[in-house]
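Every number for a ligand or one of its atoms is a count from 1 in the order of the listing. All values below come from the heavy atoms of this structure, side chains included, with hydrogens, waters and symmetry mates left out.
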Amino acid sequence: MAELVERDDSVVAGLLAKLKNPDTPLPAKYRILFSLRGIAGPAAHAAMLEGLKDPSALFRHEVAYCLGQRQDPAAVATLKQILKDDAEHPMVRHEAGEALGAIGTEECLVTVREHVQDPCQEVAHTCQLALQRIEYFKAAEAAHQAAAAADPNATESRYYSVDPTPAAPASTPLPQLRQSLLNEGEAIFERYRAMFALRNRGGSEAVEALGASFAAQSALLKHEVAYVLGQMQDAHAVATLKTVLEDERENPMVRHEAAEALGAIADTQCIELLRKYASHAEPIVADSCIVALDMLDFEQSGSFSYADTGAAAGGEAAAVQPAAA
Ligand SMILES: [Fe+2]
Ligand SMILES: [Fe+2]
(Lines give C-alpha, C1' and ligand atoms only; values in the text may rest on other atoms or scores of the structure.)
(Ligands and ions follow the chains in the order given, each with its own letter.)
Protein backbone atom coordinates (compact mmCIF):
# COMPACT_ATOMS: atom_id res chain seq x y z
CA MET A 1 0.00 0.00 0.00
CA ALA A 2 0.98 3.65 -0.25
CA GLU A 3 3.24 5.10 2.41
CA LEU A 4 1.50 6.88 5.29
CA VAL A 5 2.02 10.63 5.50
CA GLU A 6 2.38 12.89 8.53
CA ARG A 7 -0.43 15.40 9.13
CA ASP A 8 -1.14 17.84 11.90
CA ASP A 9 -3.70 16.54 14.42
CA SER A 10 -5.83 19.62 13.65
CA VAL A 11 -6.26 18.34 10.06
CA VAL A 12 -7.40 14.97 11.40
CA ALA A 13 -9.75 16.70 13.87
CA GLY A 14 -11.31 18.63 10.97
CA LEU A 15 -11.82 15.45 8.96
CA LEU A 16 -13.32 13.69 11.97
CA ALA A 17 -15.78 16.51 12.60
CA LYS A 18 -16.96 16.24 8.98
CA LEU A 19 -17.16 12.46 9.25
CA LYS A 20 -19.36 12.65 12.34
CA ASN A 21 -21.65 15.29 10.88
CA PRO A 22 -24.90 13.51 9.93
CA ASP A 23 -25.34 15.93 7.02
CA THR A 24 -22.11 14.82 5.32
CA PRO A 25 -23.09 12.81 2.23
CA LEU A 26 -21.74 9.26 1.81
CA PRO A 27 -19.33 10.03 -1.07
CA ALA A 28 -17.79 12.83 1.00
CA LYS A 29 -17.33 10.41 3.89
CA TYR A 30 -15.57 8.00 1.55
CA ARG A 31 -13.16 10.74 0.50
CA ILE A 32 -12.48 11.57 4.16
CA LEU A 33 -11.90 7.92 4.97
CA PHE A 34 -9.37 7.54 2.15
CA SER A 35 -7.52 10.52 3.47
CA LEU A 36 -7.47 9.18 7.03
CA ARG A 37 -6.29 5.81 5.79
CA GLY A 38 -3.16 7.43 4.42
CA ILE A 39 -2.32 9.50 7.50
CA ALA A 40 0.13 8.10 10.05
CA GLY A 41 -0.48 8.11 13.79
CA PRO A 42 -3.03 7.38 16.50
CA ALA A 43 -5.28 10.40 15.79
CA ALA A 44 -6.08 9.16 12.27
CA HIS A 45 -6.52 5.65 13.62
CA ALA A 46 -8.97 6.84 16.29
CA ALA A 47 -10.90 8.88 13.71
CA MET A 48 -11.28 5.78 11.56
CA LEU A 49 -12.67 3.84 14.51
CA GLU A 50 -15.34 6.54 14.85
CA GLY A 51 -16.36 5.67 11.29
CA LEU A 52 -17.38 2.23 12.54
CA LYS A 53 -20.35 3.88 14.28
CA ASP A 54 -21.76 5.07 10.95
CA PRO A 55 -25.32 3.92 10.20
CA SER A 56 -24.31 2.74 6.69
CA ALA A 57 -23.11 -0.89 6.61
CA LEU A 58 -21.37 -0.06 3.35
CA PHE A 59 -19.37 2.65 5.04
CA ARG A 60 -18.52 0.46 8.05
CA HIS A 61 -17.25 -2.30 5.75
CA GLU A 62 -15.05 0.26 4.03
CA VAL A 63 -13.61 1.37 7.38
CA ALA A 64 -12.81 -2.25 8.27
CA TYR A 65 -11.14 -2.65 4.87
CA CYS A 66 -9.03 0.47 5.39
CA LEU A 67 -7.96 -0.71 8.85
CA GLY A 68 -6.67 -3.90 7.23
CA GLN A 69 -4.85 -2.00 4.51
CA ARG A 70 -3.02 0.06 7.16
CA GLN A 71 -1.87 -3.23 8.76
CA ASP A 72 -1.72 -1.52 12.15
CA PRO A 73 -1.94 -4.06 15.02
CA ALA A 74 -3.68 -1.34 17.07
CA ALA A 75 -6.84 -2.22 15.10
CA VAL A 76 -6.87 -5.90 16.07
CA ALA A 77 -9.06 -5.61 19.19
CA THR A 78 -11.77 -3.67 17.30
CA LEU A 79 -11.64 -5.97 14.28
CA LYS A 80 -11.99 -9.02 16.53
CA GLN A 81 -15.07 -7.49 18.10
CA ILE A 82 -16.66 -6.91 14.69
CA LEU A 83 -15.89 -10.41 13.47
CA LYS A 84 -17.48 -11.93 16.57
CA ASP A 85 -20.60 -9.77 16.37
CA ASP A 86 -23.38 -11.86 14.76
CA ALA A 87 -25.63 -8.82 14.65
CA GLU A 88 -23.19 -6.92 12.40
CA HIS A 89 -23.73 -7.03 8.62
CA PRO A 90 -21.93 -10.04 7.04
CA MET A 91 -20.08 -7.73 4.65
CA VAL A 92 -18.61 -5.78 7.56
CA ARG A 93 -17.68 -8.98 9.39
CA HIS A 94 -16.08 -10.27 6.18
CA GLU A 95 -13.89 -7.18 5.90
CA ALA A 96 -12.94 -7.48 9.56
CA GLY A 97 -11.83 -11.09 8.98
CA GLU A 98 -9.90 -10.12 5.89
CA ALA A 99 -8.29 -7.21 7.72
CA LEU A 100 -7.15 -9.56 10.50
CA GLY A 101 -5.58 -11.73 7.79
CA ALA A 102 -3.81 -8.68 6.39
CA ILE A 103 -2.46 -7.61 9.80
CA GLY A 104 -1.46 -11.20 10.49
CA THR A 105 -0.35 -11.24 14.13
CA GLU A 106 -0.64 -14.34 16.32
CA GLU A 107 -3.80 -12.88 17.88
CA CYS A 108 -5.28 -12.47 14.40
CA LEU A 109 -4.46 -16.08 13.62
CA VAL A 110 -6.23 -17.35 16.74
CA THR A 111 -9.31 -15.22 16.00
CA VAL A 112 -9.75 -16.14 12.35
CA ARG A 113 -9.27 -19.82 13.24
CA GLU A 114 -12.31 -19.56 15.54
CA HIS A 115 -14.46 -18.50 12.58
CA VAL A 116 -13.45 -20.92 9.80
CA GLN A 117 -16.76 -22.72 10.34
CA ASP A 118 -18.83 -19.59 10.95
CA PRO A 119 -22.51 -20.14 10.08
CA CYS A 120 -22.27 -17.21 7.67
CA GLN A 121 -20.59 -18.68 4.58
CA GLU A 122 -18.93 -15.44 3.43
CA VAL A 123 -17.41 -15.00 6.89
CA ALA A 124 -16.31 -18.65 7.08
CA HIS A 125 -14.63 -18.51 3.65
CA THR A 126 -12.98 -15.20 4.49
CA CYS A 127 -11.52 -16.64 7.68
CA GLN A 128 -10.32 -19.77 5.88
CA LEU A 129 -8.49 -17.51 3.43
CA ALA A 130 -7.16 -15.26 6.16
CA LEU A 131 -5.87 -18.25 8.11
CA GLN A 132 -4.12 -19.61 5.05
CA ARG A 133 -2.70 -16.20 4.23
CA ILE A 134 -1.17 -15.85 7.69
CA GLU A 135 0.15 -19.40 7.66
CA TYR A 136 1.52 -18.98 4.16
CA PHE A 137 3.53 -15.90 5.05
CA LYS A 138 4.56 -17.26 8.42
CA ALA A 139 5.73 -20.73 7.37
CA ALA A 140 7.29 -19.69 4.11
CA GLU A 141 8.95 -16.46 5.19
CA ALA A 142 12.43 -17.54 4.23
CA ALA A 143 11.40 -19.41 1.12
CA HIS A 144 9.16 -16.50 0.24
CA GLN A 145 12.05 -14.06 0.32
CA ALA A 146 13.97 -16.27 -2.05
CA ALA A 147 10.93 -16.74 -4.28
CA ALA A 148 10.33 -13.00 -4.32
CA ALA A 149 13.83 -12.44 -5.64
CA ALA A 150 13.10 -14.83 -8.51
CA ASP A 151 9.48 -13.83 -9.00
CA PRO A 152 8.50 -10.31 -7.86
CA ASN A 153 4.88 -11.09 -8.69
CA ALA A 154 4.78 -13.47 -5.74
CA THR A 155 4.95 -10.63 -3.24
CA GLU A 156 4.05 -7.44 -4.91
CA SER A 157 1.97 -6.00 -7.68
CA ARG A 158 1.57 -2.57 -9.11
CA TYR A 159 -1.73 -2.31 -7.24
CA TYR A 160 -1.55 -0.52 -3.92
CA SER A 161 -3.47 -3.05 -1.94
CA VAL A 162 -2.68 -5.77 0.55
CA ASP A 163 -4.26 -8.79 -1.10
CA PRO A 164 -6.06 -11.52 0.85
CA THR A 165 -3.78 -14.14 -0.76
CA PRO A 166 -0.51 -13.97 -2.67
CA ALA A 167 -0.75 -14.16 -6.46
CA ALA A 168 0.12 -17.40 -8.24
CA PRO A 169 3.62 -17.31 -9.78
CA ALA A 170 3.87 -14.87 -12.68
CA SER A 171 5.28 -17.66 -14.84
CA THR A 172 2.00 -19.65 -14.71
CA PRO A 173 0.51 -19.88 -18.21
CA LEU A 174 -2.73 -17.93 -18.60
CA PRO A 175 -4.88 -20.96 -19.55
CA GLN A 176 -3.75 -22.67 -16.35
CA LEU A 177 -4.67 -19.61 -14.26
CA ARG A 178 -8.04 -19.51 -15.99
CA GLN A 179 -8.62 -23.18 -15.27
CA SER A 180 -7.70 -22.79 -11.59
CA LEU A 181 -9.95 -19.78 -11.18
CA LEU A 182 -12.94 -21.48 -12.79
CA ASN A 183 -12.49 -24.89 -11.17
CA GLU A 184 -15.21 -25.36 -8.53
CA GLY A 185 -13.27 -28.32 -7.12
CA GLU A 186 -10.17 -26.20 -6.48
CA ALA A 187 -9.42 -24.76 -3.02
CA ILE A 188 -10.60 -21.17 -2.70
CA PHE A 189 -7.08 -20.08 -1.71
CA GLU A 190 -5.69 -21.37 -5.04
CA ARG A 191 -8.54 -19.79 -6.99
CA TYR A 192 -7.77 -16.45 -5.32
CA ARG A 193 -4.09 -16.86 -6.19
CA ALA A 194 -5.01 -17.43 -9.84
CA MET A 195 -7.32 -14.39 -9.77
CA PHE A 196 -4.59 -12.07 -8.51
CA ALA A 197 -2.11 -13.44 -11.02
CA LEU A 198 -4.62 -12.73 -13.81
CA ARG A 199 -5.08 -9.20 -12.49
CA ASN A 200 -1.33 -8.66 -12.45
CA ARG A 201 -1.05 -10.10 -15.97
CA GLY A 202 -3.69 -7.72 -17.34
CA GLY A 203 -4.98 -7.58 -20.92
CA SER A 204 -8.25 -8.58 -22.50
CA GLU A 205 -7.64 -12.32 -22.22
CA ALA A 206 -7.14 -11.99 -18.45
CA VAL A 207 -10.24 -9.79 -18.20
CA GLU A 208 -12.23 -12.39 -20.10
CA ALA A 209 -11.07 -15.19 -17.79
CA LEU A 210 -11.95 -13.13 -14.73
CA GLY A 211 -15.37 -12.29 -16.19
CA ALA A 212 -16.08 -15.99 -16.80
CA SER A 213 -15.82 -16.61 -13.05
CA PHE A 214 -19.09 -14.78 -12.35
CA ALA A 215 -20.69 -18.17 -12.99
CA ALA A 216 -18.96 -19.45 -9.83
CA GLN A 217 -20.92 -20.49 -6.73
CA SER A 218 -18.89 -18.55 -4.17
CA ALA A 219 -20.16 -15.01 -3.62
CA LEU A 220 -16.89 -14.24 -1.90
CA LEU A 221 -14.86 -15.20 -4.98
CA LYS A 222 -17.17 -13.23 -7.28
CA HIS A 223 -17.05 -10.10 -5.14
CA GLU A 224 -13.26 -10.17 -5.21
CA VAL A 225 -13.25 -10.69 -8.97
CA ALA A 226 -15.44 -7.61 -9.37
CA TYR A 227 -13.06 -5.73 -7.09
CA VAL A 228 -9.96 -6.63 -9.10
CA LEU A 229 -11.73 -5.72 -12.34
CA GLY A 230 -12.20 -2.27 -10.81
CA GLN A 231 -8.52 -2.13 -9.91
CA MET A 232 -7.60 -3.04 -13.50
CA GLN A 233 -9.77 -0.21 -14.87
CA ASP A 234 -10.04 -2.07 -18.18
CA ALA A 235 -13.08 -1.08 -20.23
CA HIS A 236 -13.32 -4.64 -21.58
CA ALA A 237 -14.96 -5.55 -18.28
CA VAL A 238 -17.80 -3.03 -18.51
CA ALA A 239 -20.42 -5.24 -20.18
CA THR A 240 -19.88 -8.09 -17.70
CA LEU A 241 -19.92 -5.79 -14.67
CA LYS A 242 -23.14 -4.17 -15.85
CA THR A 243 -24.78 -7.59 -16.08
CA VAL A 244 -23.64 -8.39 -12.53
CA LEU A 245 -24.99 -5.12 -11.15
CA GLU A 246 -28.33 -5.70 -12.87
CA ASP A 247 -28.72 -9.29 -11.63
CA GLU A 248 -31.40 -9.24 -8.92
CA ARG A 249 -30.50 -12.79 -7.86
CA GLU A 250 -26.88 -11.88 -7.25
CA ASN A 251 -25.51 -11.36 -3.71
CA PRO A 252 -25.52 -7.60 -2.84
CA MET A 253 -21.86 -7.88 -1.87
CA VAL A 254 -21.01 -8.88 -5.46
CA ARG A 255 -23.27 -6.23 -6.96
CA HIS A 256 -21.65 -3.67 -4.68
CA GLU A 257 -18.17 -4.44 -6.04
CA ALA A 258 -19.50 -4.45 -9.60
CA ALA A 259 -20.97 -0.97 -9.11
CA GLU A 260 -17.79 0.44 -7.63
CA ALA A 261 -15.69 -1.22 -10.33
CA LEU A 262 -17.86 0.52 -12.94
CA GLY A 263 -17.21 3.79 -11.10
CA ALA A 264 -13.46 3.13 -11.16
CA ILE A 265 -13.43 2.26 -14.87
CA ALA A 266 -15.37 5.50 -15.36
CA ASP A 267 -16.86 4.74 -18.74
CA THR A 268 -19.50 7.45 -19.24
CA GLN A 269 -21.89 4.87 -20.69
CA CYS A 270 -22.26 3.54 -17.10
CA ILE A 271 -23.62 6.78 -15.65
CA GLU A 272 -27.22 6.09 -16.56
CA LEU A 273 -27.12 2.59 -15.08
CA LEU A 274 -25.44 3.73 -11.85
CA ARG A 275 -28.01 6.51 -11.48
CA LYS A 276 -30.82 4.01 -11.95
CA TYR A 277 -29.50 1.66 -9.24
CA ALA A 278 -28.62 4.53 -6.88
CA SER A 279 -32.20 4.31 -5.63
CA HIS A 280 -32.34 0.50 -5.41
CA ALA A 281 -34.24 -0.96 -2.45
CA GLU A 282 -31.13 -2.78 -1.19
CA PRO A 283 -29.03 -0.12 0.60
CA ILE A 284 -25.72 -1.88 -0.15
CA VAL A 285 -26.45 -1.70 -3.88
CA ALA A 286 -27.87 1.83 -3.80
CA ASP A 287 -25.08 3.28 -1.65
CA SER A 288 -22.44 1.60 -3.81
CA CYS A 289 -23.87 3.28 -6.90
CA ILE A 290 -23.88 6.67 -5.16
CA VAL A 291 -20.22 6.22 -4.25
CA ALA A 292 -19.43 4.85 -7.73
CA LEU A 293 -20.88 7.95 -9.39
CA ASP A 294 -18.58 10.09 -7.27
CA MET A 295 -15.57 7.91 -8.19
CA LEU A 296 -16.54 8.17 -11.84
CA ASP A 297 -16.73 11.90 -11.46
CA PHE A 298 -13.27 11.95 -9.95
CA GLU A 299 -11.79 9.80 -12.73
CA GLN A 300 -13.46 11.93 -15.38
CA SER A 301 -12.32 15.20 -13.80
CA GLY A 302 -8.62 14.37 -14.05
CA SER A 303 -8.22 15.71 -10.50
CA PHE A 304 -5.08 14.76 -8.66
CA SER A 305 -6.68 13.60 -5.45
CA TYR A 306 -9.76 11.54 -4.64
CA ALA A 307 -9.19 11.90 -0.89
CA ASP A 308 -10.48 14.82 1.13
CA THR A 309 -7.16 16.12 2.42
CA GLY A 310 -8.75 18.46 4.98
CA ALA A 311 -9.57 22.00 4.01
CA ALA A 312 -7.38 23.61 6.69
CA ALA A 313 -4.04 22.31 5.49
CA GLY A 314 -4.58 21.41 1.86
CA GLY A 315 -1.31 19.96 0.65
CA GLU A 316 -0.77 16.84 -1.34
CA ALA A 317 -3.03 13.85 -1.12
CA ALA A 318 -2.58 11.12 1.40
CA ALA A 319 -4.48 8.76 -0.86
CA VAL A 320 -4.56 9.69 -4.51
CA GLN A 321 -6.68 6.99 -6.09
CA PRO A 322 -9.92 5.59 -4.74
CA ALA A 323 -9.37 1.92 -4.01
CA ALA A 324 -12.50 0.81 -2.26
CA ALA A 325 -12.97 -2.71 -0.97
FE1 LIG B 1 -16.41 -3.69 -0.69
FE1 LIG C 1 -14.35 -7.71 0.38
Side-chain angles (χ1 to χ4, degrees), residues 1 26-27 29-31 33-34 37 48 51-52 54 56-71 79 82-83 88-103 112 115 118 120-130 132-133 159-165 188-189 191-192 195-196 199 210 213-214 216 218-232 241 244-245 250-265 274 277 280 282-295 306 319 321-325:
M1 71 168 293
L26 188 65
K29 288 187 200 169
Y30 258 68
R31 288 178 180 243
L33 178 61
F34 280 99
R37 164 178 120 155
M48 289 172 74
L52 290 169
D54 197 273
S56 159
L58 188 76
F59 190 71
R60 294 197 302 278
H61 109 290
E62 206 61 50
V63 176
Y65 170 76
C66 289
L67 289 170
Q69 294 293 302
R70 275 167 78 89
Q71 296 184 296
L79 292 167
I82 299 170
L83 181 61
E88 179 52 284
H89 194 288
M91 212 162 101
V92 187
R93 295 182 66 213
H94 143 71
E95 287 301 341
E98 198 169 279
L100 289 167
I103 297 170
V112 296
H115 290 272
D118 196 279
C120 172
Q121 200 192 52
E122 284 82 50
V123 171
H125 285 170
T126 301
C127 289
Q128 289 162 22
L129 281 175
Q132 277 182 281
R133 181 184 195 277
Y159 297 99
Y160 290 121
S161 58
V162 181
D163 298 326
T165 73
I188 187 105
F189 190 76
R191 297 177 80 182
Y192 261 60
M195 166 179 56
F196 289 119
R199 176 198 64 187
L210 289 163
S213 71
F214 285 116
S218 164
L220 194 74
L221 180 82
K222 289 187 281 186
H223 105 293
E224 200 68 26
V225 166
Y227 173 70
V228 305
L229 287 171
Q231 284 187 307
M232 293 169 83
L241 290 166
V244 174
L245 175 58
E250 188 51 274
N251 186 310
M253 186 166 163
V254 183
R255 299 175 79 188
H256 141 69
E257 293 297 351
E260 289 190 4
L262 288 170
I265 297 170
L274 290 170
Y277 283 89
H280 195 275
E282 165 58 57
I284 296 286
V285 173
D287 287 352
S288 301
C289 291
I290 292 166
V291 170
L293 284 163
D294 184 54
M295 286 177 175
Y306 169 75
Q321 290 286 332

Least distance between heavy atoms, Cys120 atom then Pro90 atom: SG-CB, 3.7 Å

State whether His61 contributes an N/O/S atom found under 2.8 Å from the Fe ion (ligand 2). no

Kindly assign one of parallel, tilted or perpendicular to the pair Tyr192 and Phe196, based on the angle between their ring planes and the thresholds 30° and 60°. perpendicular

Has His223 got an N/O/S atom less than 2.8 Å from the Fe ion (ligand 1)? no

Tell me if the CD atom of Gln121 is crowded by more than 12 foreign heavy atoms within 6.0 Å. no

Can you tell me if, anywhere in Glu95, an N/O/S atom lies at a distance from the Fe ion (ligand 2) that is smaller than 2.8 Å? yes

Residues Thr165 and Asp163: side-chain donor-acceptor under 3.5 angstrom: no

Suppose we only allow N, O or S atoms; which atom of His94 ends up nearest to the Fe ion (ligand 2)? NE2

When every non-hydrogen atom of Ala226 is compared with those of Glu257, the smallest separation belongs to CB-CB, 3.5 Å

Please name the atom of Glu257, restricted to N, O or S, that is closest to the Fe ion (ligand 1). OE2

